[in-house]
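Note that the structure is predicted; figures quoted are calculated from it, not measured.
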Amino acid sequence: QDAPFRIIPPAIEKEAPAETDQTDFYTVRAPFDGVVGRLEQVQGHQVEEGDILTTLSDNSAMWAYFNVPKAGYRAYLQGPDRVREDPKIELVLADGTLYPEVGKLGAVEADSNAASDTVPFRADFSNPKRVLHHGQTGTVLVRRVLNNALVVPQQATFEAQGKRYVYTIDKDDVAHQREIAVEDETEGLFVVKEGLRAGEKIVVEGVARVQDGEKVKYEAK
């Protein structure tokens with residue numbers, strides 16, 4: 001939070017008697033610890049009631065705002081049935097280093113962004129060493145543990161007319177195009193909601209060269 005220092009006589013403490021009839025001297029005490037901003041007045045300058053001296057920012061805790069695709073937001077809403085624990089939220093700073101403090105989910109805004117089809121989230125991070133400052137940018141990482149999740153590499157899928165597909169391989173080594181429903185995505189993987197069963201074979205590499213109903217040669221991985 002930011003708090004401006006204004007001259008308000010009832011709220012400040014008189015430190016010394018005035019040397020003239022026109023000038024009073026006061027000590028202005030900060031209401032909390034924080035980082036002082038730009039000095040709006042120079043030492044010795046006469047100020048009046050309402051003038052801003054500077055600002056004080058309490059950055060002992062910082063908020064990081066980020067947008068989540070609506071598919072991820074729906075997964076978050078359905079999370080309690082599948083997520084084993086609260087999501088682990090990490091922050092990668094602009095220089096590529098990982099911020100040492102783990103954050104927690106602070107808020108989810110009610111209004112979504114129609115232009116980007118996302119929902120604004122807020123993560124709260126403790127800032128004991130005052131490393132984080134207002135206006136910094138970074139990358140927010142949200143890690144969740146899903147129970148009984150089926151995942152496929154993103155490179156094993158392809159999109160056609162707004163739907164996502166994979167090629168499955170049957171017992172005769174014939175490839176078949178199969179539509180899948182994606183529940184979530186992370187680090188090069190898709191979490192499959194439906195369309196595949198555990199243990200089925202799919203084409204992972206060379207998807208663009210495969211034709212539906214074609215017999216393929218492959219190496220199992």
Side-chain angles (χ1 to χ4, degrees), residues 1-16 24-77 79-80 83-146 184-187:
Q1 59 178 335
D2 293 341
F5 282 115
R6 297 180 183 270
I7 300 300
I8 306 175
I12 56 181
E13 174 185 340
K14 192 169 182 180
E15 184 180 60
D24 283 340
F25 294 91
Y26 296 94
T27 297
V28 180
R29 302 188 183 280
F32 52 80
D33 292 335
V35 178
V36 175
R38 177 179 298 178
L39 298 177
E40 301 293 342
Q41 309 291 343
V42 298
Q43 184 175 355
H45 184 78
Q46 185 172 347
V47 295
E48 297 179 356
E49 180 179 344
D51 286 350
I52 295 178
L53 303 182
T54 185
T55 58
L56 180 69
S57 298
D58 179 7
N59 64 347
S60 58
M62 297 296 289
W63 295 350
Y65 292 92
F66 60 102
N67 294 322
V68 174
K70 284 189 176 178
Y73 176 61
R74 289 191 293 269
Y76 164 75
L77 294 178
V83 181
R84 194 175 65 195
E85 55 189 13
D86 292 336
K88 179 181 180 182
I89 302 180
E90 297 175 312
L91 178 63
V92 178
L93 303 179
D95 62 359
T97 59
L98 183 66
Y99 183 63
E101 301 289 333
V102 176
K104 63 180 181 179
L105 186 62
V108 179
E109 292 191 15
D111 296 330
S112 61
N113 188 325
S116 60
D117 202 31
T118 58
V119 178
F121 276 55
R122 191 194 83 204
D124 299 350
F125 291 90
S126 177
N127 191 29
K129 296 184 178 180
R130 303 301 197 268
V131 173
L132 302 180
H133 296 276
H134 176 71
Q136 281 182 290
T137 60
T139 302
V140 175
L141 304 178
V142 181
R143 304 184 186 276
R144 299 185 303 157
V145 178
L146 297 178
D184 206 348
E185 58 181 282
T186 176
E187 298 180 359

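For the atom pair OG1 of Thr118 and CZ of Phe66, the computed distance is 11.0 Å after rounding to the nearest 0.5 Å. Between the OG1 atom of Thr55 and the CG atom of Leu39 there is a distance of 9.0 Å, given to the nearest 0.5 Å. Considering CG of Leu132 and CZ of Phe125, their distance stands at 8.0 Å, rounded to 0.5 Å. Atoms NE2 and CE, from His134 and Met62 in turn, are 7.5 Å apart once rounded to the nearest 0.5 Å. Here CG of Leu93 is found 9.5 Å from OG1 of Thr139. Values are rounded to the nearest 0.5 Å. With rounding to the nearest 0.5 angstrom, the CD atom of Glu101 is 11.0 Å from the CG atom of Leu91.
Between Glu90 and Val92, every side-chain heavy-atom pair lies at or beyond the 4.5 Å cut-off. Between Pro120 and Asn67 there is a side-chain heavy-atom pair separated by less than 4.5 Å. In this structure, the side chains of Val142 and Phe121 stay at 4.5 Å or more apart for every pair of heavy atoms.
Remark: the Ser57 side chain and the Asn59 side chain contain no N/O donor-acceptor pair separated by less than 3.5 Å.
Within the structure, the ring pair (Phe, Tyr, Trp, His ring centres under 6.0 Å) test picks out no pair touching residues 40-65 (sequence neighbours left out).
Contact record, Val131 with Gln136: O-OE1, 3.5 Å, taken as the closest heavy-atom pair. The two residues Arg122 and Leu105 make their nearest non-hydrogen contact at O-CD1, 3.5 Å.
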